[in-house]
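Read through the structure below, which is laid out as structure tokens, and then see the notes.
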Amino acid sequence: MAAVDWGTKRFRLWLMGNDGTVLAGSTSDDGIAAAREAGFHAILEKHLAGLEAPSGLPVVICGMAGSRQGWKESGYLSVPAELDDLWRHATQVSGLDRPVTILPGISQAPGQSSDVMRGEETKLFGASMEGHGAHSYCIPGQHSKWVLMAKSQVQGFRTFMTGEMIDVLSRQTILQHSLEGAAEVEAGDPAFSTGVRDGWLNPGKLTNTLFSIRAGDLLEHRSPDENRARLTGLMIGAELAGAEPGTDGVALVASGQLAQLYQSAFATCGIEVRLIDAEIAVQRGLFEVWRALVSAAYAHARNSRS
């Protein structure tokens with residue numbers, strides 16, 4: 001099967017064998033914005049052809065391809081939502097020469113603090129199989145998700161616009177003048193840890209502390225690298241404070257630089273964390289949904305014959 005995580009900006013596809021082994025992969029900037037111009041079907045087939053995928057190979061997709069602005073809208077499961085049931089609520093794209101299935105997202109009703117996720121539910125499905133009973137999950141990103149779970153059931157969640165706010169503050173506020181030319185933030189940077197502590201201990205002073213980055217640049221000639229590291233730490237520290245992770249530990253579903261930054265932030269705040277690779281989690285979630293779809297189709301065919 002082909003497993004696809006189709007986001008707003010990024011497209012990731014993996015060819016997977018019958019045992020879940022990843023055989024090949026393709027990654028690009030063909031997110032839904034690009035796909036709306038070039039065509040979702042055309043982009044999918046381009047990547048499949050590039051990996052010499054056989055014709056008729058089934059495809060399972062999670063993420064923004066199922067949004068209202070995506071390929072075909074695939075609705076939401078309401079919390080409490082059982083991730084084992086994702087396949088039951090999936091949407092089929094008709095009129096193609098291969099089976100294409102788009103998974104639903106998860107929503108939280110207004111009375112429970114309105115919220116939605118799309119794509120993260122599939123990561124959670126895969127992560128829950130490796131979470132060893134974890135109750136609290138953090139999936140960092142442009143819109144970080146903090147999720148309360150019981151085994152494979154999503155009981156509630158909250159979204160923090162941490163990544164997007166860092167991007168906006170860096171490019172569209174007065175802080176842009178203090179961050180120009182800054183390098184990528186390193187998890188071991190003391191300025192990052194200082195920012196995390198300030199955000200964690202004083203989240204109510206966040207906007208004041210943000211301005212102090214500009215003042216520190218003007219009066220103390222702090223470098224763009226230091227300023228960017230402190231900004232990033234501040235926003236992540238404030239997120240952790242708002243998420244109220246408690247003392248039971250958190251399963252962190254992340255990869256690459258984000259995993260390093262959040263692991264460092266958790267350590268700075270004295271929070272126990274267990275890392276689950278986000279890429280492996282989404283691959284496993286997509287594969288398990290495909291297995292469920294195949295099992296259901298086989299059972300239906302067997303019942304029809306009998």
Side-chain angles (χ1 to χ4, degrees), residues 1-16 20 22 25-49 51 53-79 81-108 115-127 139 141-143 145 152 154 157 278-279 281-297 300:
M1 56 89 72
V4 178
D5 182 5
W6 209 327
T8 302
K9 296 181 178 179
R10 299 288 287 166
F11 174 96
R12 297 184 298 167
L13 180 150
W14 304 277
L15 299 186
M16 303 181 75
V22 176
S26 180
T27 302
S28 75
D29 292 328
D30 292 323
I32 66 163
R36 284 170 63 86
E37 293 185 14
F40 287 89
H41 185 215
I43 285 178
L44 175 62
E45 292 299 328
K46 176 186 72 174
H47 285 272
L48 289 169
L51 297 176
S55 60
L57 186 75
V59 179
V60 180
I61 301 172
C62 72
M64 295 303 291
S67 69
R68 191 169 299 172
Q69 294 75 36
W71 190 352
K72 186 172 182 179
E73 187 171 7
S74 187
Y76 294 100
L77 278 69
S78 299
V79 295
E82 181 53 64
L83 297 178
D84 287 333
D85 287 339
L86 282 173
W87 68 273
R88 297 181 189 274
H89 302 272
T91 297
Q92 305 297 321
V93 182
S94 59
L96 306 179
D97 57 0
R98 68 174 78 247
V100 174
T101 304
I102 302 179
L103 302 188
I106 294 179
S107 66
Q108 191 164 261
D115 217 325
V116 294
M117 69 167 71
R118 193 174 285 281
E120 292 89 356
E121 75 294 322
T122 310
K123 286 191 182 83
L124 284 167
F125 190 25
I139 308 178
Q142 284 289 90
H143 301 152
K145 306 292 182 181
S152 61
V154 176
F157 63 97
E279 185 164 296
V282 75
Q283 290 167 356
R284 185 167 185 182
L286 287 161
F287 178 74
E288 292 299 330
V289 168
W290 175 72
R291 281 182 47 173
L293 288 166
V294 170
S295 296
H300 177 73

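Not measured: the values here are computed from a predicted model.
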Can you name the nearest heavy-atom pair linking [X] to [Y], along with the distance?
X    : Y    : answer
P104 : L86  : CD-O, 3.7 Å
A281 : A127 : CB-N, 3.8 Å
F287 : G20  : CZ-N, 3.3 Å
K145 : V116 : NZ-O, 2.6 Å
G56  : P99  : O-CD, 3.5 Å

Please report the interatomic distance [atom1]([X]) to [atom2]([Y]), rounded to the nearest 0.5 Å.
X    : Y   : atom1 : atom2 : answer
S152 : E82 : OG    : CD    : 3.5 Å
R118 : T8  : CZ    : OG1   : 10.5 Å
R12  : S28 : CZ    : OG    : 11.5 Å
L51  : L15 : CG    : CG    : 5.0 Å

field: Residues in side chain to side chain contact (heavy atoms under 4.5 Å, CB included) contact with V22, at least two apart in sequence or another chain
entry: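 If we apply the side chain to side chain contact (heavy atoms under 4.5 Å, CB included) test to V22, skipping adjacent residues, the hits are W14, M16, Q283.
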message: Suppose we screen for side-chain hydrogen bond (donor to acceptor under 3.5 Å, both in side chains). Which residues come up paired with T101, at least two apart in sequence or across chains?
response: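 Checked T101 against side-chain hydrogen bond (donor to acceptor under 3.5 Å, both in side chains); matches are Q92.
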task: Report the residues that fulfil side-chain hydrogen bond (donor to acceptor under 3.5 Å, both in side chains) with S67, sequence neighbours left out, ordered by chain and then residue number.
output: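 So S67 forms no side-chain hydrogen bond (donor to acceptor under 3.5 Å, both in side chains) with any residue.
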Kindly indicate whether the side chain of [X], heavy atoms from C-beta on, has any atom under 4.5 Å from the side chain of [Y].
X    : Y    : result
L286 : L103 : yes
E45  : D97  : yes
Y76  : M117 : no
C62  : V4   : no
D115 : V79  : no
L13  : F11  : yes
D5   : K123 : yes
E121 : V154 : no

message: Under 4.0 Å between a side-chain nitrogen and a carboxylate oxygen: does that hold for K9 and D29?
response: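 No salt bridge links K9 with D29.
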query: Taking 4.0 angstrom as the limit, do D30 and K46 come out as a salt bridge?
result: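 The answer is yes: the pair qualifies as a salt bridge.
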query: Taking it one step at a time, do F125 and D84 satisfy side-chain contact (heavy atoms from CB on, under 4.5 Å)?
result: CA-CA 8 Å; F125 190 25; D84 287 333; 3.1 Å; yes
query: Any salt bridge (Lys or Arg N to Asp or Glu O under 4.0 Å) pairs touching residues 286-296, not counting sequence neighbours?
result: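 Applying salt bridge (Lys or Arg N to Asp or Glu O under 4.0 Å) to every pair that reaches into residues 286-296, excluding sequence neighbours, yields E288-R291.
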Any side-chain donor near an acceptor of the partner, S78 and Q108, under 3.5 Å: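 No, because no side-chain N or O of S78 sits under 3.5 Å from a partner of the opposite role on Q108.
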query: For F157, what residues pass the ring pair (Phe, Tyr, Trp, His ring centres under 6.0 Å) criterion, not counting sequence neighbours?
result: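 None.
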- prompt: Under the ring pair (Phe, Tyr, Trp, His ring centres under 6.0 Å) test, which residues partner H143, sequence neighbours left out?
  reply: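 Here no residue qualifies.
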Derivation and outcome, side-chain contact (heavy atoms from CB on, under 4.5 Å), residues V60 and M1: CA-CA 8 Å; V60 180; M1 56 89 72; 3.9 Å; yes
message: The test is side-chain contact (heavy atoms from CB on, under 4.5 Å); show your working for W6 and I102 and say whether it passes.
response: CA-CA 10 Å; W6 209 327; I102 302 179; over 6 Å; no
task: Show the numbers, then the answer: is there a side-chain contact (heavy atoms from CB on, under 4.5 Å) between L44 and L96?
output: CA-CA 11 Å; L44 175 62; L96 306 179; 5.7 Å; no
- request: Ignoring hydrogens and angles, tell me if any N or O in the side chain of R36 forms a donor-acceptor pair with the backbone of G70 under 3.5 Å.
  value: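 The answer is no, because no donor-acceptor pair under 3.5 Å joins these two groups.
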Heavy-atom donor-acceptor pair, R98 side chain to L57 backbone, under 3.5 Å: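 Flag set: sc R98 to bb L57 pair under 3.5 Å.
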message: Ring-plane angle category for F40 and W71, please: parallel below 30°, perpendicular beyond 60°, tilted otherwise.
response: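 Plane angle under 30°, so parallel.
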